[in-house]
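Being a predicted model, the structure only gives us computed values, none of them experimental.
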Amino acid sequence: MKVNEKKTVLERSYDQLKSIYEEMALQPGTLRKIGLKRAWNVIIGSHGQCGLALNFTGMHAVYSEEQRIADQEKLRTLIGLSLFDAAARTISSASLQERSIGLACLNALSQPLRDNEILEKRGIAPVYKNIDSFIKKTDVVTVVGHGGVVRDFFGKCREIHVTDMRPKEDFQTTVIGETITYGPENIFLHGADENRDLLSRSDFVMITGSTLVNDTFDELMGWCANARVRALYGPSAYLAPEVLFSNGVTLVQQAGISNPERFEFDMVNDLDMESALKMNQMMKHEFLEKENPGK
């Protein structure tokens, strides 16, 4: 990892998790298996410490073929290492795939830190609310990275903007009736080149956790610094809440892997991880708010 240069969000997260583990005398898991799936990279560790992160393949393939190919023999050398050692070898890599593996390791290490008892010991009061509790009718909402979370804002705010690196056509529905119209309705779709303008004037921002992989997180967070709510969503963002809070996030989706054994089975046998996510392997879909988030 970098010594003199400014650290990336993954490197900062690693340092903070390492400090928490040492302070609380927690035992990090050992990396047992790596799953390379369509769209996701999956980590199976001991002690029930499992995690995943987007890898920009499948429907999320917005990078060159070279950046989407994982060096499998190199990844095999990580097996048997502690999750911290595996993360240290990958989070600073120039390889998108290796950074995805590193983030999945950090997410796995974060699983015990999302437990209510641990949160209370760390001084984070686990008061959960539905996302509706944080939305105002007057809000301009921007979601970075199209996903199912967009539906949570229908009819609850003034404007919904969605930006994505993929073409707008990927998210449009052609509706043929007496006339030809296009969905989704009441949503403004944008390219990623419009992020700066949209985020700077948004009240509520939801950013996909995949920005932790492609190293755009810090830039995006800088652009939405004046937003009342700054949230990260998706399985790539299952870092410990205080790690996210220390990096400018004010709202955390308090989800986690509820059944590690079933999760491992699904990783091996499902076509992709979407089935595992929909089969309630990710539980506790409430949101945890940072105390006194400011504006």
Exercise. Hey, quick one: are Leu81 and Ile79 part of the same hydrophobic cluster, counting side-chain heavy atoms closer than 4.5 Å, chains of contacts allowed?
Worked result: yes
Problem set entry | Cluster overlap Val140 with Val205, hydrophobic side-chain contacts below 4.5 Å | no
Exercise. Yes or no on salt bridge (Lys or Arg N to Asp or Glu O under 4.0 Å) for Asp139 and Arg228, after CA distance, side-chain angles and deciding distance?
Worked result: CA-CA 9 Å; Asp139 279 346; Arg228 187 187 76 257; 2.8 Å; yes
Problem set entry | Main-chain N/O of Ile257 paired to Gln111 side chain as donor or acceptor, under 3.5 Å | yes
For this session: Give a yes or no answer on whether the side chain of Ser46 reaches the backbone of Thr30 with a donor-acceptor pair at less than 3.5 Å.
Result: yes
For this session: Would you please indicate yes or no on a ring centroid separation below 6.0 angstrom for Tyr14 and Phe84?
Result: yes
Seminar exercise, completed: Nearest heavy-atom approach of Ala237 to Leu212 is CA-CD1, 4.3 Å
Problem set entry | Closest approach of Leu17 to Leu106 (non-hydrogen atoms, all atoms of both residues) | CD1-O, 3.7 Å
Problem set entry | Heavy-atom pair with the smallest gap, counting every atom of Ile131 and Phe153 | CD1-CZ, 3.9 Å
For this session: Answer yes or no: is there a side-chain heavy-atom contact under 4.5 Å between Arg114 and Leu119?
Result: no
Exercise. Is Lys121 reaching over with its side chain to a backbone N or O of Glu117, donor-acceptor style, under 3.5 angstrom?
Worked result: no
For this session: Verify the cluster assignment for Phe188 and Tyr182: are they in a single hydrophobic cluster under the rule of side-chain heavy atoms below 4.5 Å apart?
Result: no
For this session: Answer yes or no: is there a side-chain heavy-atom contact under 4.5 Å between Trp223 and Asn195?
Result: yes
For this session: Give a yes or no on this: more than 12 heavy atoms of other residues, nucleotides or ligands lie within 6.0 Å of atom CZ of Phe154.
Result: yes
Exercise. Quick one: does Met206's side chain get under 4.5 Å of Asp152's, heavy atoms only?
Worked result: no
Problem set entry | Sidechain-backbone polar pair: Asn41 side chain, Ser100 backbone, donor-acceptor under 3.5 Å | no
Problem set entry | Intermediate values then yes/no, salt bridge (Lys or Arg N to Asp or Glu O under 4.0 Å), Asp203 and Arg230 | CA-CA 9 Å; Asp203 305 295; Arg230 300 181 298 277; over 6 Å; no
Exercise. Is it the case that more than 12 heavy atoms not belonging to Lys74 sit under 6.0 Å from its NZ atom?
Worked result: no
Problem set entry | Over all atoms of both residues, closest heavy-atom pair of His47 and Gly29 | CD2-CA, 3.5 Å
For this session: For Asn55 and Lys37, run side chain to side chain contact (heavy atoms under 4.5 Å, CB included): C-alpha distance rounded to whole Å, both residues' side-chain angles, the deciding distance at 0.1 Å, then the answer.
Result: CA-CA 8 Å; Asn55 61 18; Lys37 308 284 288 184; 5.5 Å; no
Problem set entry | Non-hydrogen side-chain atoms of His161 and Ser202 separated by less than 4.5 Å | no
For this session: Look at the side chain of Lys137 and the backbone N and O of Gly155, then say whether any donor-acceptor pair between them is shorter than 3.5 Å.
Result: yes
Problem set entry | Distance in Å, Arg151 CZ paired with Ile160 CD1, rounded so as to fall on 0.5 Å steps | 11.0 Å
Problem set entry | Nearest atoms (heavy-atom pairs only) where Ile20 meets Glu242 | CD1-CD, 3.5 Å
Exercise. Side chain of Thr77, backbone of Glu73: donor and acceptor closer than 3.5 Å?
Worked result: no
Exercise. Would Lys156 and Asp132 satisfy side chain to side chain contact (heavy atoms under 4.5 Å, CB included), going step by step from the backbone distance to the final call?
Worked result: CA-CA 8 Å; Lys156 299 170 186 174; Asp132 292 10; 2.9 Å; yes
Exercise. Judged by atom type as modelled, is there a donor-acceptor pair below 3.5 Å linking the side chain of Ser236 to the main-chain atoms of Ala53?
Worked result: no
Seminar exercise, completed: One should read off an interatomic distance between Thr216 OG1 and Ile207 CD1, to the nearest 0.5 angstrom, of 8.0 Å
Exercise. Under 3.5 Å, side chain of Lys129 to main-chain N/O of Phe134, donor-acceptor pair present?
Worked result: no
Exercise. With a 4.5 Å heavy-atom cut-off, do Phe204 and Ile135 have their side chains touching?
Worked result: yes
For this session: Using a 4.5 Å cut-off on heavy atoms from C-beta on, say whether the side chain of Phe263 contacts that of Ile44.
Result: yes
Exercise. With the 4.5 Å side-chain cut-off for hydrophobic clustering, are Ile91 and Val9 part of the same group?
Worked result: yes
Exercise. Is the closest basic N to carboxylate O distance between Arg196 and Glu219 below 4.0 Å?
Worked result: no
Exercise. For the residue pair Gln49 and Pro112, what are the closest heavy atoms and their distance?
Worked result: NE2-CG, 3.8 Å
Seminar exercise, completed: d(Arg201 CZ, Cys224 SG) to nearest 0.5 Å is 14.0 Å
Problem set entry | Path from Leu198 to Leu232 over hydrophobic side-chain contacts below 4.5 Å | no
Seminar exercise, completed: d(Asp115 CG, Glu120 CD) to nearest 0.5 Å is 9.0 Å
Exercise. Salt bridge or not for Arg89 and Glu98, using N-O below 4.0 Å?
Worked result: no
For this session: Determine, for Lys18 against Glu23, whether the closest basic-nitrogen to carboxylate-oxygen distance falls under 4.0 angstrom.
Result: no
Problem set entry | Intermediate values then yes/no, side chain to side chain contact (heavy atoms under 4.5 Å, CB included), Val213 and Leu96 | CA-CA 7 Å; Val213 177; Leu96 190 94; 4.1 Å; yes
For this session: Give a yes or no answer on whether the side chain of Thr8 reaches the backbone of Glu11 with a donor-acceptor pair at less than 3.5 Å.
Result: yes
For this session: Assess whether side chain to side chain contact (heavy atoms under 4.5 Å, CB included) is satisfied between Leu36 and Leu75, documenting all intermediate values.
Result: CA-CA 10 Å; Leu36 307 179; Leu75 294 180; 4.1 Å; yes
Problem set entry | Point-to-point distance, once rounded to the nearest 0.5 Å, from CD1 of Ile43 to SG of Cys50 | 9.5 Å
For this session: Decide yes or no for Ile34 and Ile101: does some side-chain heavy atom of the first lie under 4.5 Å from some side-chain heavy atom of the second?
Result: yes
For this session: Could you tell me whether Arg99 and Asp215 make a salt bridge, using a distance below 4.0 angstrom between a side-chain N and a carboxylate O?
Result: no
Exercise. Among Val243, Asn107, Leu244, Leu103, which residue meets the side chain to side chain contact (heavy atoms under 4.5 Å, CB included) test with Ser13?
Worked result: Val243
Exercise. Can you tell me how far CG of Leu109 sits from CG of Leu83, rounded to the nearest 0.5 angstrom?
Worked result: 4.5 Å
Problem set entry | Side chain Ser110, main chain Leu113, donor-acceptor under 3.5 Å | no
Exercise. Is there a side-chain contact between Thr163 and Val143 (heavy atoms, below 4.5 Å)?
Worked result: no
Exercise. Salt-bridged, Asp218 to Arg12, with N to O below 4.0 Å?
Worked result: yes
